[in-house]
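Report on the structure given below.
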Amino acid sequence: MIKLHQFIRTWNIPNLSHFCCKLETYLRLTEMPYEIVHSIPPKSPKGKLPFIEDGDEKIADSDLIIQYLIKKYGDTLDADLTPSQKAVSLSMRRLFEEHLFWITMYTRWQFTEENWQTNKAAIFHVFPPVISDVVAGIYRRSIRKQIYGQGIGRHSSEEIFQLGRIDLDAISDFLADKPYFMGDKPTSLDATAYGFLVNTMVCPIESPVKEYALGKQNLVDYCQRMTSKYFPELIQGGQLGQKTDENS
């Protein structure tokens, strides 16, 4: 059975990591058996989560993992897409993973001190208290350098959130009234879309981009549908994301 190494579940969403959430969603969409192993980035072959173990194989990076799974176990999600649809799907995934991602990272690691404390508590509670602050500080400086190096961190908050609104407009317009992003059936794009939308809209990190996303009813409904069908254990009283202090 595949061992999925990822952060411990918190915030009552599948995972606080966009990419861990993406990969676990992919595994549930494909109904591929797996078990979760709670881990931290230094244990990964590439120093980041998620990674998987499949027998003697150990693979890191969500895209490379999915490519490996497709090659070994077959493509049950995207096989019926046309080349043009696959190109559109890839473009949409890049929008989520290479742009909106960095905006949400800015909201967690840099935007407000309250957001940082929420993010810090969720990630670094696994370390002993005596070293938790030190480790968190080191990671925060590293992540902020990455945000700046990517380019998003060079803008003002107002500019960053305006870029985020443009992303969300495109995402909402593309989804429209479809049940899934590519039509009537889920595809690999939905694994990415759900993983990134739930980490934008449902986690307890407050920002103008979250508020704007919550104003897109089709995105709210999409997250609710996906959670109800693929992560029903996370539904609390009929609503997603009611608990914010769960660390199990």
Side-chain angles (χ1 to χ4, degrees), residues 4-11 13-24 36-53 58-66 93-164 167 192 195-210 244-245 247:
L4 169 60
H5 292 255
Q6 61 180 13
F7 291 102
I8 191 170
R9 182 168 289 169
T10 189
W11 295 344
I13 62 176
N15 205 274
L16 57 77
S17 161
H18 307 61
F19 293 97
C20 291
C21 188
K22 163 192 169 182
L23 184 57
E24 187 174 4
I36 292 175
V37 179
H38 294 141
S39 190
I40 55 176
K43 294 184 178 180
S44 169
K46 295 187 177 180
K48 63 179 183 177
L49 298 176
F51 73 96
I52 67 165
E53 291 181 274
K58 186 180 289 188
I59 307 99
D61 185 90
S62 61
D63 273 349
L64 296 178
I65 292 168
I66 289 174
R93 293 203 305 274
R94 294 291 185 259
L95 186 156
F96 281 109
E97 298 179 11
E98 305 296 340
H99 198 262
L100 183 62
F101 169 72
W102 290 104
I103 294 172
T104 59
M105 289 290 279
Y106 171 82
T107 68
R108 296 182 181 193
W109 295 83
Q110 192 167 337
F111 178 48
T112 67
E113 185 61 22
E114 182 179 2
N115 281 357
W116 162 240
Q117 292 300 328
T118 300
N119 188 48
K120 175 184 171 184
I123 296 174
F124 298 99
H125 73 275
V126 298
F127 293 96
V130 68
I131 66 169
S132 178
D133 286 347
V134 175
V135 174
I138 292 171
Y139 268 88
R140 190 184 193 192
R141 288 191 293 274
S142 175
I143 296 296
R144 290 176 71 164
K145 286 181 181 179
Q146 292 177 43
I147 295 169
Y148 185 84
Q150 189 273 343
I152 287 295
R154 299 169 189 262
H155 305 313
S156 68
S157 297
E158 292 78 8
E159 291 169 333
I160 291 170
F161 294 132
Q162 180 56 27
L163 292 172
D167 286 352
T192 297
F196 283 68
L197 287 173
V198 79
N199 267 284
T200 301
M201 302 166 65
V202 183
C203 66
I205 301 294
E206 304 305 322
S207 73
V209 76
K210 175 182 177 179
T244 60
D245 59 352
N247 290 314

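Within a 6.0 Å radius of CZ in F127, other residues, nucleotides and ligands contribute more than 12 heavy atoms.
Heavy atoms only, all atoms of each residue included: L49 and F7 are closest at CD1-N, 3.7 Å. Nearest approach of N199 to C21, heavy atoms of both residues: ND2-CB, 4.0 Å. The two residues E24 and P14 have their closest heavy-atom pair at OE1-O, 4.1 Å.
For the pair I8 and H125, the minimum side-chain heavy-atom distance is below 4.5 Å. Residues I143 and R108 are not in side-chain contact: their nearest non-hydrogen atoms beyond the backbone lie 4.5 Å or more apart. The side-chain heavy atoms of H5 and L23, taken from C-beta on, include no pair separated by under 4.5 Å. By the 4.5 Å heavy-atom criterion applied to side chains, I205 and K210 are not counted as neighbours. Side-chain contact between M201 and I13 is absent, with no heavy atoms from C-beta onward closer than 4.5 Å.
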Pair E97-D63, side-chain contact (heavy atoms from CB on, under 4.5 Å): steps then yes or no: CA-CA 10 Å; E97 298 179 11; D63 273 349; 3.7 Å; yes
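Taking CG of N15 as the reference point, atom NE2 of H38 lies at 8.0 Å (rounded to 0.5 Å). Note: Q110 CD to S157 OG = 8.0 Å, rounded to the nearest 0.5 Å. The line from CH2 of W11 to CG of N119 is 5.0 Å long, rounded to the nearest 0.5 Å. Here the CD atom belonging to E98 is positioned 8.0 Å from the CD atom belonging to Q150, to the nearest 0.5 angstrom. Distance CD1/I123 to OG1/T118: 11.0 Å, rounded to 0.5 Å. In this structure, CD1 on I52 lies 10.5 Å from CG on L64, to the nearest 0.5 angstrom.
The main-chain N or O of R140 is never found under 3.5 Å from a side-chain atom of K120 such that the two would form a donor-acceptor pair. Side-chain atoms of N115 come within 3.5 Å of backbone N or O of E206 as a donor-acceptor pair. Side chain of T107 to main chain of T104: a donor-acceptor pair is present (N/O by atom type, distance under 3.5 Å, no hydrogens or angles). With hydrogens and angles ignored, the 3.5 Å screen pairs a side-chain donor or acceptor of R154 with a backbone N or O of Y148.
Between the side chains of Q6 and S17, no donor-acceptor pair is found at a separation under 3.5 Å. A donor-acceptor pair shorter than 3.5 Å cannot be found between the side chains of Q162 and E158.
Ring geometry for F96 against F196 counts as tilted: the plane angle lies between 30° and 60°, on a 0 to 90° scale.
When each of Y139, W109, Y106 is paired with W116, the ring-ring contact (aromatic ring centres under 6.0 Å, His included) condition holds for W109 and for no other. No option in E159, H99, M105 other than H99 meets the side-chain contact (heavy atoms from CB on, under 4.5 Å) test with I152.
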